[in-house]
Amino acid sequence: MPKLTEKVVTSMQNSKYLVGIYSMFNRNGDWEMEKPILQPYGFDAVVIDEQDKEGLWNVLDKLDALLIANNDLSVDEVAKMKKCKIISRQGIGLDNIPVKYAEDNGIMVCNVPDCSTPEVAEHAAALMLTVARKIPYYNDKIKIERIWNHTSFELRPLREMTVFLVGFGKIARLTATHIKPLFGRVIAYDPYADRKAAAELGVEIVESLEEGLRQADIVSLHLPLTEDSRHMINRETLAMMKSDAYLINLARGPHVDRDALEEALNNGVIAGAALDVIEYELDVEKGDFSHPLFSNPKVIFTPHTGWYSTGSNRKARTVAAQEIVDYINGDKLIGQSNSPANPRKF
């Protein structure tokens, strides 16, 4: 079982505060980006391997603050954080943190809004072009089958295709600015859509998910994970799509029922998918590629890299650390995500 080293224990005793860092960004004990921000305020750090739940559990009751990326944090784990004043998310999504429970127990939760909005929008546009022009499929024809033939696949003009954005927040709106000059029509569904912004971008708002699915040649998901959106792409909704349509997901893996998607692809219900996220992603990170989607030639994968650039990586890490300092100083938090009635103080 992982234990705190003598060096860390001694450092904890000599420091005013302790921050836990439980993140894919901080492997091998690295906190070089965070150190110049936090250390002047009396912080030392204990860096926990992102897959080491026992190691995390061992230090939770000692932490004054926690930096976390996309790992799940349970209610039981938050309940053990008796000293913790703030949980700072190195990124945007908060579906991995029990935000309301933390609020009820006096713990502030914040994130880094817009840390990777440009990157995700660019990646979405790139995947749309990839499936529309069938680039990987041609590559496989050449490298695997040794066939050099431009008519191996039917390619429709982009100007005749409809892209459906499910969700119309900041990322979807920026994606629309990239793709509107290329694709013939862009439509979106979001009950809370800014219709004025949509009109300015030339995006049509449809009144239901089904309406958009039935019209689209490419369906791209851009919404947070909630109980309502979990498995929103399932056997029923996949059956609403065109047989030559493509599904793109850069949002959250559980939006898509992966078993239903595999079945739909095998039965010709839709033509293909491009996935940057997938259900049970942490198992995949540990090396579990047993699901048949990973062997399906109709699926293009990228390893949750839509958010990533050297710039977005630095922003996620440094701004999340700065949020802790700003909380100490009583400054406004740019990513404040709850409002504890009786907040714990440093």
Side-chain angles (χ1 to χ4, degrees), residues 23-25 27 50-51 53 68-73 89-97 116 119-131 135-137 140 164-167 171-172 175 209 213 216 218-239 241 245-267 269-309 312-313 316:
S23 168
M24 63 181 179
F25 301 138
R27 290 171 177 158
E50 64 189 292
Q51 296 183 13
K53 275 289 189 180
I68 186 169
N70 62 336
N71 293 70
D72 289 332
L73 193 66
R89 167 76 160 92
Q90 298 169 313
I92 300 173
L94 292 163
D95 50 276
N96 59 320
I97 300 169
S116 56
E119 286 81 359
V120 177
E122 291 158 5
H123 202 75
L127 290 179
M128 291 175 194
L129 291 172
T130 296
V131 298
I135 293 170
Y137 310 119
D140 287 346
F164 177 33
L165 305 174
V166 184
I171 291 172
T175 301
L209 178 65
L213 291 175
I218 297 174
V219 175
S220 188
L221 307 183
H222 300 275
L223 69 168
L225 181 64
T226 64
E227 284 309 307
D228 289 336
S229 66
R230 186 180 298 273
H231 282 193
M232 68 182 304
I233 301 300
N234 50 46
R235 287 178 178 85
E236 181 180 356
T237 50
L238 285 163
M241 294 173 62
Y246 286 85
L247 173 70
I248 293 175
N249 187 13
L250 293 93
R252 288 292 181 265
H255 287 322
V256 179
D257 180 338
R258 61 182 188 175
D259 293 334
L261 177 59
E262 170 71 10
E263 180 182 299
L265 293 169
N266 290 339
N267 293 332
V269 175
I270 66 171
L275 306 177
D276 187 55
V277 291
I278 191 168
E279 198 172 17
Y280 306 112
E281 191 169 313
L282 290 178
D283 292 338
V284 178
E285 288 181 6
K286 295 175 184 177
D288 181 2
F289 291 90
S290 60
H291 196 276
L293 276 178
F294 290 107
S295 302
N296 194 313
K298 296 181 179 179
V299 184
I300 299 163
F301 281 104
T302 54
H304 204 149
T305 195
W307 71 273
Y308 179 74
S309 73
S312 62
N313 177 63

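Quick caveat, the model's predicted, so the values are computed rather than measured. Both backbone and side-chain heavy atoms feed into the values below; hydrogens, waters and symmetry mates do not.
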(message) I'd like to know whether Y246 forms a side chain to side chain contact (heavy atoms under 4.5 Å, CB included) with I270, so could you lay out the CA-CA distance, the side-chain angles of the two residues, the decisive distance to 0.1 Å, and finally the verdict.
(response) CA-CA 6 Å; Y246 286 85; I270 66 171; over 6 Å; no
Under 3.5 Å, is there a donor-acceptor pair between the side chain of [X] and the main chain of [Y]?
{"X": "N266", "Y": "N296", "result": "no"}
{"X": "D276", "Y": "T305", "result": "yes"}
{"X": "D95", "Y": "L225", "result": "no"}
{"X": "S229", "Y": "M232", "result": "no"}
{"X": "H255", "Y": "L223", "result": "yes"}
{"X": "D283", "Y": "K286", "result": "no"}

Provide the closest heavy-atom pair for [X] versus [Y] in the form atom of the first, atom of the second, distance.
{"X": "P297", "Y": "Y137", "value": "O-CE2, 3.4 Å"}
{"X": "L265", "Y": "A273", "value": "CD2-N, 4.4 Å"}
{"X": "E262", "Y": "L293", "value": "OE1-CD2, 3.3 Å"}
{"X": "V131", "Y": "A274", "value": "CG1-CB, 4.0 Å"}
{"X": "A216", "Y": "A245", "value": "O-CB, 3.6 Å"}
{"X": "A172", "Y": "G167", "value": "CB-O, 3.2 Å"}

(request) Please check if any side-chain donor atom of S290 sits under 3.5 Å from a side-chain acceptor atom of D288, or the reverse. (result) yes
(request) Start with the C-alpha gap between R89 and N70, add the side-chain angles, then the distance that decides, and say whether side chain to side chain contact (heavy atoms under 4.5 Å, CB included) holds. (result) CA-CA 8 Å; R89 167 76 160 92; N70 62 336; 4.2 Å; yes
(message) Are there over 12 heavy-atom neighbours, none belonging to E236, within less than 6.0 Å of that residue's CD?
(response)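 No.
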(message) Surrounding OH of Y280 (heavy atoms of other residues, nucleotides or ligands, distance under 6.0 Å), is the total greater than 12?
(response) no
Distance, nearest 0.5 Å, that separates [atom1] of [X] from [atom2] of [Y]:
{"X": "M24", "Y": "E285", "atom1": "CE", "atom2": "CD", "value": "7.5 Å"}
{"X": "Q90", "Y": "N313", "atom1": "CD", "atom2": "CG", "value": "8.5 Å"}
{"X": "H231", "Y": "R258", "atom1": "NE2", "atom2": "CZ", "value": "9.0 Å"}
{"X": "S220", "Y": "N249", "atom1": "OG", "atom2": "CG", "value": "8.0 Å"}
{"X": "R252", "Y": "E281", "atom1": "CZ", "atom2": "CD", "value": "9.0 Å"}
{"X": "D72", "Y": "K53", "atom1": "CG", "atom2": "NZ", "value": "6.5 Å"}

(message) Using the rule side chain to side chain contact (heavy atoms under 4.5 Å, CB included), only one of D257, L221, L261 pairs with I233; which is it?
(response) L221
(request) Have a look at T237 and tell me which of L213, V219, V256 forms a side chain to side chain contact (heavy atoms under 4.5 Å, CB included) with it. (result)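 Of L213, V219, V256, side chain to side chain contact (heavy atoms under 4.5 Å, CB included) with T237 is met by L213 alone.
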(message) In terms of relative ring orientation, are F294 and F301 parallel, tilted or perpendicular, with 30° and 60° separating the classes?
(response)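 If you compare the ring of F294 with that of F301, the planes turn out parallel.
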(message) Are the side chains of H291 and I278 in contact, using a 4.5 Å heavy-atom criterion?
(response)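 I278 does not reach H291 side chain to side chain.
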(request) Mind running side chain to side chain contact (heavy atoms under 4.5 Å, CB included) on T302 and L250 for me, showing each step along the way? (result) CA-CA 9 Å; T302 54; L250 293 93; over 6 Å; no
(message) Let's go through E263 and V269 carefully: what are the C-alpha distance in whole Å and the side-chain angles of both, what is the deciding distance for side chain to side chain contact (heavy atoms under 4.5 Å, CB included) to 0.1 Å, and is it a yes or a no?
(response) CA-CA 8 Å; E263 180 182 299; V269 175; over 6 Å; no
